[in-house]
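Remarks on the structure that follows.
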Protein chains: 2
Amino acid sequence: MIEHTTIALLSGGIDSATAACIAMEAGQKVIGLSFDYGQRHLKELQAAADLAKNLNLEDHITIKIDLSSWGGSSLTDTSQAIPTQGIQKNTIPNTYVPGRNTIFVAIGLSLAEARGANRIALGINAMDYSGYPDCRPDYLKAYQELANLSSRVGREGNGIKLWAPLLDWEKTKIFEEALRLKIPIEKTWSCYQGESKPCGKCDSCRIRDKALKEIGREDLCSQNI
Amino acid sequence: MIEHTTIALLSGGIDSATAACIAMEAGQKVIGLSFDYGQRHLKELQAAADLAKNLNLEDHITIKIDLSSWGGSSLTDTSQAIPTQGIQKNTIPNTYVPGRNTIFVAIGLSLAEARGANRIALGINAMDYSGYPDCRPDYLKAYQELANLSSRVGREGNGIKLWAPLLDWEKTKIFEEALRLKIPIEKTWSCYQGESKPCGKCDSCRIRDKALKEIGREDLCSQNI
């Protein structure tokens, strides 16, 4: 078998860890890539490091890039409050960080090309997210086109594949898969607030807890971690 | 007149400064954005700061992002030599930095959306560059499509325009325009080596000097600065 390498963007949450593990199960070497971008919930980076170790990734790299200098999101500007009233349909919440996923994938492409990796694993999921423009299938399709044109390897016909296995999964399916893959869910961090315990009220906590309740694993809900 | 804002990616070289000045002449407010990415020729950042001041830009921001941790280019890995034998046709030289322009534009999109800017000015030029995949028209077109889908403003129909006015210009035309716009060419920095004086032998010095000789301005060539 020819060994291939995947760069897995790792947030410290369950989605990206699941995508990384699916790649490993398929025989890929996985290098985790995390971002210290001035996020309020910097705590997720410790979760990402713990997961990388626990899941036995090939390597784990954290890149610093300060997006808080211009804010534009409640995740990078602490003067804006994180919404706690529940998910609003058909609106993009203020937790949307301008350009964030585009930057992360671009940095992933750089690392992938430099290290000879042929895939970038993304935990993005369009089904039950909060309407972020950069978690949708048309966005991913356009980025694949750009990735093919942006790189030496792409121009040579060996483009780096943007691979988002969870894109159209229900959140419950993601958790079931994570449990099957023996991902230590209690080590993941989803809360936007970044306090010592998850708030249980932000969109991210709500989405996580709802899915865990639906599959009968309340024991892993935010308030119990 | 409604005032608009342009984010101008500023390398410290002549192309990006020219693009910024064309935007200013058209009545745009211009915010310069430069990148400390672990480049060998870090010296270009001082040139960018000097130019931003000299050209009276609205603001100038430098963002740090260390691409040297994975190298993949002679610009970010000092164990690789910068080519000095002259420009080779139909090859991508080792000064190509994987993912660099894709990352820079992505960060520009983040800043533009956060600050309400409607354009990103790029000094990229496809004519006499060294075959970089990420300086070509098809790349730019694909990135515009992605930009429209990636952002809140794009989804709302007010996408940020990627604007590369020099894309198909001859280098001589760029220098003539720069002189007309009274850009202090002697303050720009193009050399890849980053020594105290330009080397005059790298592709970037060669392209610059050839064009300046062609328009009869040898006095501004690398070896005289």
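On a predicted model such as this, the values are computed, not experimentally measured, just so you know. Every chain is numbered from 1, with letters handed out A, B, ... down the list of sequences.
Between chain B and the residues Ala147(A), Gly72(A), Ala142(A), the largest count of heavy-atom pairs under 4.5 Å involves Ala142(A). Counting heavy-atom pairs closer than 4.5 Å to chain B, the top residue among Lys141(A), Glu145(A), Arg136(A) is Arg136(A). Ranking Ile65(A), Asn101(A), Val105(A), Leu111(A) against chain B, the residue ahead of the rest is Leu111(A), based on heavy-atom pairs under 4.5 Å. Across Ser150(B), Ala114(B), Gly99(B), the residue that shares the most heavy-atom pairs under 4.5 angstrom with chain A is Ser150(B). The candidate with the highest count of non-hydrogen atom pairs below 4.5 Å against chain A, out of Asp66(B), Asn148(B), Ile107(B), Thr76(B), is Ile107(B). Between chain A and the residues Thr102(B), Asp134(B), Leu146(B), the largest count of heavy-atom pairs under 4.5 Å involves Leu146(B).
For the pair Lys161(A) and Trp163(A), the cation does not sit on the ring face, since its NZ or CZ is not both under 6.0 Å from the ring centre and inside 45° of the axis.
The CG atom of Leu75(A) sits 10.5 Å away from atom CG of Leu67(A), with the distance rounded to the nearest 0.5 Å.
Of the atoms belonging to Tyr96(A), it is side-chain heavy atoms, and not backbone ones, that fall under 4.5 Å from chain B. For Ile63(A), the part sitting under 4.5 Å from any heavy atom of chain B is the side chain, from C-beta outward, and nothing else.
Taking 4.0 Å as the cut-off between side-chain N and carboxylate O, Lys29(A) and Asp59(A) do not count as a salt-bridged pair. With respect to the salt-bridge test (charged N to carboxylate O, under 4.0 angstrom), the residues Arg155(B) and Asp138(A) qualify. Lys171(B) and Asp15(B) are joined by a salt bridge, as a carboxylate oxygen and a charged side-chain nitrogen come within less than 4.0 angstrom of each other.
Side-chain contact annotation: Thr6(B) with Gln28(B), donor-acceptor N/O pair under 3.5 Å present.
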